[in-house]
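What follows is a short report on a single structure.
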Amino acid sequence: MQMNFTLDGSAVTFDFGHCTVAGWTGRDAKAIQHHIDELAAIGVKPPSTVPLYYRTSFGMLTQAPVIEVVGSGTSGEVEPLLVAKDGVLYLGLASDHTDRELEAHSVALSKQICAKPVATTLWQYDDVADHIEQIELKSWIREGDSDDWVPYQEGTIASIRPLGDLIDGSGLVAAGNHGVASAMLCGTFGAKGGVRPARSFKMAMHDPVRDRTITHSYDVVELPEIA
């Protein structure tokens, strides 16, 4: 599946053939427990170990401004996106949109069933490696009929398990060495006010050293649940 990006001011195309979602990747044990607790509040069982690597369909990656979901129990999560191709790493921005109702039954299925929105800009990983943990991520949601963006998540990559550890544990680079690119969503932060659905989701990743920002937003269309 091909996706187009802007990289250093130029257009590039990647043919993806592999996607992983890394879960439970918080570095701070208290932060991990907070996220586990907020999900437990909506019926999600705790993980068997941390981190966990969920293989998902690469066809779920999307840059579309609208995604369709079944029912009203889904929500987005802002996450760093790592892309590997022929031994070269890139950093981008994605949302691990997840079916929270299904998550209570199976975390893997809840992630595999939802599209994974991806921003259209990438950075060279080597360009940010020396200050990677200073990079800031934020998200906002639109709830109900309001057009106001409500702050939803905020943190830095320093709050996530070191990306080098996730790269080594996931096999990301090896998966991107066979003529296709591999992608990995790398984890998230707790939500202000708790995990909840929204009709629109906006996210941003800011590099304070190079003073540049990647943004992306998408609307969520709910398909009816038919009994």
Sequence neighbours excluded, the answer for salt bridge (charged side-chain N to carboxylate O under 4.0 Å, His left out) partners of D99 is none
Using atom types as modelled and distance alone, determine if a side-chain donor or acceptor of S106 lies under 3.5 Å from a backbone N or O of L109.
yes
Ignoring hydrogens and angles, tell me if any N or O in the side chain of E136 forms a donor-acceptor pair with the backbone of H206 under 3.5 Å.
no
Kindly say whether S95 contributes a backbone atom to a donor-acceptor pair with the side chain of E79 at under 3.5 angstrom?
no
Flag yes if more than 12 heavy atoms outside H131 fall under 6.0 Å of its NE2 atom; otherwise flag no.
yes
Between L81 and L91, is there a side-chain heavy-atom distance shorter than 4.5 Å?
no
Pairs in or reaching into residues 174-193: which pass salt bridge (Lys or Arg N to Asp or Glu O under 4.0 Å), with residues at least two apart or in two chains?
E154-K192
Side-chain donor-acceptor pairs of residues 165-175 under 3.5 Å, sequence neighbours excluded:
from, atom 1, to, atom 2, distance (Å)
S170, OG, L166, O, 2.9
S170, OG, I167, O, 3.2
S170, OG, L172, N, 3.2

N177 side chain to G87 main-chain N or O, any donor-acceptor pair under 3.5 Å?
yes
Distance-only, no hydrogens or angles: does the T188 side chain make a donor-acceptor pair with backbone N or O of V78 under 3.5 Å?
yes
Residues D147 and R199 bridged, charged N to O under 4.0 Å
yes
Salt bridge (Lys or Arg N to Asp or Glu O under 4.0 Å) contacts touching residues 68-77 (sequence neighbours left out):
E77-R100
Rounded to the nearest 0.5 Å, the CD1 atom of I67 sits from the CE atom of M60 at a distance of 8.5 Å
Holding to salt bridge (charged side-chain N to carboxylate O under 4.0 Å, His left out), I want the full list of residues that pass it with E143, two or more places apart in sequence or in another chain.
R196
Inter-residue atom distance L61.CG - H18.NE2, 0.5 Å rounding:
11.5 Å
Other hydrophobic cluster members with W140, side-chain heavy atoms of Ile/Leu/Val/Met/Phe/Trp/Tyr under 4.5 Å, chained?
W149
For a 4.5 angstrom cut-off between non-hydrogen side-chain atoms, does T56 reach T20?
no
Under a 3.5 Å cutoff, is there a donor and acceptor pairing between the side chains of S200 and Y218?
no
Just grab all the ring pair (Phe, Tyr, Trp, His ring centres under 6.0 Å) pairs involving residues 64-91, residues at least two apart or on different chains.
F14-Y90
By side-chain contact (heavy atoms from CB on, under 4.5 Å), which residues pair with P47, not counting sequence neighbours?
W24, I36, V50, L52
Indicate every side-chain donor-acceptor pair of residues 114-125 with a distance under 3.5 Å to a residue at least two apart or in another chain.
from, atom 1, to, atom 2, distance (Å)
K116, NZ, D96, OD1, 2.6
K116, NZ, H97, O, 2.7
K116, NZ, K111, O, 2.8

Test salt bridge (Lys or Arg N to Asp or Glu O under 4.0 Å) on K30 and D37; report intermediate values, then the result.
CA-CA 10 Å; K30 291 183 178 179; D37 290 345; over 6 Å; no
Holding to salt bridge (charged side-chain N to carboxylate O under 4.0 Å, His left out), I want the full list of residues that pass it with R27, two or more places apart in sequence or in another chain.
E133
Short side-chain to backbone donor-acceptor contact, T25 and P51, under 3.5 Å
no
Rounded to the nearest 0.5 Å, the CZ atom of F16 sits from the NZ atom of K85 at a distance of 10.5 Å
I need the full list of salt bridge (Lys or Arg N to Asp or Glu O under 4.0 Å) pairs touching residues 211-227, with sequence neighbours left out, sorted by first then second residue.
D207-R212
Once salt bridge (charged side-chain N to carboxylate O under 4.0 Å, His left out) is applied, do any residues pair with R142, and if so which ones, sequence neighbours excluded?
none
A side-chain contact here means heavy atoms from C-beta on lying under 4.5 Å apart; do P80 and L137 qualify?
yes
Validation row: I157, L163 side chains within 4.5 angstrom (heavy atoms):
yes
